[in-house]
Protein chains: 2
Amino acid sequence: MPKSKISRPQIIQVSLKTLANCQSLDQFSMRKVATTLQIDASTIYWYFESKQAILQAMADEIAAQISFPDANLDWKTQLTQLFNNLFDVYTTHPHTAELMIETIPSSEVRLALMNHIIGILVDAGFSETQGSAAMSTIDFFLTGLVIDLSKERQFRTEINDKQAAYLHEQVTQIHQITHDEHLVHMQNSVKSRNSESAKQQFEAGLKLILKGLVADKEG
Amino acid sequence: MPKSKISRPQIIQVSLKTLANCQSLDQFSMRKVATTLQIDASTIYWYFESKQAILQAMADEIAAQISFPDANLDWKTQLTQLFNNLFDVYTTHPHTAELMIETIPSSEVRLALMNHIIGILVDAGFSETQGSAAMSTIDFFLTGLVIDLSKERQFRTEINDKQAAYLHEQVTQIHQITHDEHLVHMQNSVKSRNSESAKQQFEAGLKLILKGLVADKEG
DNA sequence: ACCTGAACACCGTTCAAGT
DNA sequence: ACCTGAACACCGTTCAAGT
């Protein structure tokens with residue numbers, strides 16, 4: 001057993017892998033990380049002062065993967081590319097949107113990322129306040145969407161894997177009620193939601209917000 | 001001690017009060033609810049089959065508080081009123097946005113609410129797909145914003161109440177890095193975020209999305 | 001029908017003790 | 001300097017047992 005020495009970066013990597021194997025962020029635990037590292041849970045506390053500190057480090061690691069689009073491009077395509085990039089990173093690494101929310105954006109990577117997004121908008125002619133508000137709007141939308149997707153998948157796998165009879169009831173109830181109460185719009189909504197991919201859904205929303213920004217500029 | 005009989009509605013009410021006294025949704029526990037009800041935690045399982053079932057009931061209770069605006073109004077004012085109403089309910093009852101995300105919208109109240117929102121847009125001339133997408137976009141934005149606000153307040157009170165030296169460090173780091181790295185846009189963002197209320201922030205984002213919808217209609 | 005108590009399998013965190 | 005083990009104060013959930 002070549003028990004390689006433990007290190008901070010190693011713990012972060014293993015933590016990210018552990019998180020990826022969890023069904024939700026709160027199933028992620030120090031004890032699980034410790035088990036795969038073949039160390040006692042308390043050992044981690046020599047490298048990180050708390051679970052929160054690990055989450056911060058994990059969030060920074062993910063944020064570092066976001067690349068900035070070519071600054072010569074149109075501001076709209078720049079934003080589209082950057083947020084599509086964010087969407088992709090969030091969906092390839094499960095629960096990272098939750099990670100971002102549970103965590104304070106105090107690192108250089110995360111602050112620089114936000115600064116860059118606002119910068120794109122300011123360079124396009126928007127005020128600092130407008131740029132800041134627009135970034136938040138898109139970011140909250142993206143985060144809300146990805147977290148919702150994540151929860152939905154969690155419910156689905158819980159229904160399949162374990163018993164979870166209760167959750168299954170809830171889902172069938174949706175169809176019953178929408179039918180019995182003649183909630184026509186909800187019936188259509190379920191259909192269109194199934195035919196469209198999550199990415200398409202995100203792109204549609206982003207396009208809507210960008211259109212609002214353009215209208216803001218002209219008006 | 002007039003030990004009044006336990007009932008499902010009573011448990012739901014006490015649960016909502018208990019949640020309101022928590023700093024986050026995952027601090028909410030069956031054992032806390034049981035303590036205030038002066039019963040054993042296991043007793044709750046006679047009335048609810050799981051914690052998830054209680055969360056569902058709590059979410060429905062909150063959703064029932066949302067009132068529909070006058071259908072004769074302009075679709076834009078209808079949406080504005082309804083989502084402002086949602087924002088107010090979410091902020092007056094802490095952690096209810098999290099509650100909605102952690103929970104399946106399987107009840108009549110919640111499905112009817114969504115159906116109504118799409119209906120406003122369809123009546124305004126949008127397609128079912130457009131209406132459904134627009135509702136999601138606004139809802140995810142609202143949810144993301146409120147959850148973020150909630151987390152921020154949680155961090156703030158943890159810094160004040162307990163030790164939480166680590167969290168305090170993170171916050172001071174934000175200012176240090178934005179200054180040292182000359183992240184001008186972030187500096188302005190922090191300023192404008194402090195001068196504007198959360199409600200103003202929400203209204204700005206909502207206005208942006210509505211403008212996008214108008215542009216969609218005209219284009 | 002309603003409620004309890006003990007138990008199980010989990011958490012994060014601390015700290016004296018080991019090497 | 002690095003790591004462990006036991007302990008503490010928590011979780012959700014189950015189930016035999018009580019009334």
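None of these values were measured; they are calculated from a predicted model. Each chain gets a letter, A, B and so on, in the order the sequences are listed, and its residues count up from 1. Any value given below was found using the heavy atoms of this structure, including those in side chains, with hydrogens, waters and symmetry copies removed.
No more than 12 heavy atoms of other residues, nucleotides or ligands sit less than 6.0 Å from atom NZ of B:Lys207. The 12-atom threshold is not exceeded at NZ of A:Lys17, counting heavy atoms of other residues, nucleotides or ligands nearer than 6.0 Å.
One interatomic measurement links the two molecules: NZ of A:Lys51 to P of C:dC11, which rounds to 9 Å at whole-angstrom precision. Straight-line distance from the CD1 atom of A:Ile54 to the C1' atom of C:dG12: 11 Å, rounded to whole Å. For the pair B:Gln38 CD and C:dC2 C1', the computed distance is 17 Å after rounding to whole Å. Rounding to whole angstrom units, CD1 of residue B:Ile44 and P of C:dC3 are separated by 11 Å. Distance CD (B:Gln27) to P (D:dA9): 18 Å, rounded to an integer number of Å. As rounded to whole Å, 14 Å separates atom C1' of D:dG5 from atom CD1 of A:Ile39. We find that NZ of A:Lys5 is positioned 7 Å from P of D:dC3, with the value rounded to whole Å. A:Ile11 has its CD1 atom 14 Å from the P atom of C:dG12, to the nearest Å.
Checking C:dG12, C:dC2, D:dC3 against every side-chain atom of B:Trp46, the shortest atom distance belongs to C:dC2. Taking only side-chain atoms of A:Thr43, from C-beta outward, the nucleotide of C:dT4, D:dC11, D:dC3 with the closest atom is D:dC3. With C:dC3, C:dA7, C:dT13 as the choices, the nucleotide that has an atom nearest any side-chain atom of A:Arg31 turns out to be C:dT13.
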Task: A:Phe83 vs A:Phe202, ring-ring contact (aromatic ring centres under 6.0 Å, His included): CA-CA, chis, key distance, verdict - done: CA-CA 9 Å; A:Phe83 277 106; A:Phe202 170 65; 7.1 Å; no
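In this structure, B:Phe28 reaches the sugar-phosphate backbone alone: every heavy-atom distance under 4.0 Å involves primed, P, OP1 or OP2 atoms, never a base.
Side-chain N or O atoms of A:Ser195 include one that pairs as donor or acceptor with a backbone N or O of A:Ser192 at under 3.5 Å. Using a distance-only test at 3.5 Å, with no hydrogens or angles considered, a donor-acceptor pair links the side chain of A:Thr18 to the main chain of A:Val14.
Considering only heavy atoms from C-beta on, A:Gln27 comes within 4.5 Å of A:Lys32 through its side chain.
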A correct dot-bracket answer for DNA chain C, with pairs being Watson-Crick or G-U at under 3.5 Å, [ ] for crossing pairs and | for inter-strand pairs, is ||.|||||...|||||.||
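Counting only N and O atoms by type, the side chains of A:Thr157 and A:Gln23 include a donor and acceptor under 3.5 Å apart. For the 3.5 Å distance criterion, the side chains of B:Glu169 and B:Gln173 fail to qualify, holding no donor opposite an acceptor.
Between A:Tyr47 and the phosphate of D:dC3, there is a side-chain N or O to OP1/OP2 separation shorter than 4.0 Å.
A salt bridge does not link A:Asp139 to A:Arg110: none of the charged side-chain nitrogens sits closer than 4.0 Å to a carboxylate oxygen.
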All N/O contacts under 3.5 Å from nucleotides 14-19 of chain C to the protein, with atom names and distances to one decimal?
none

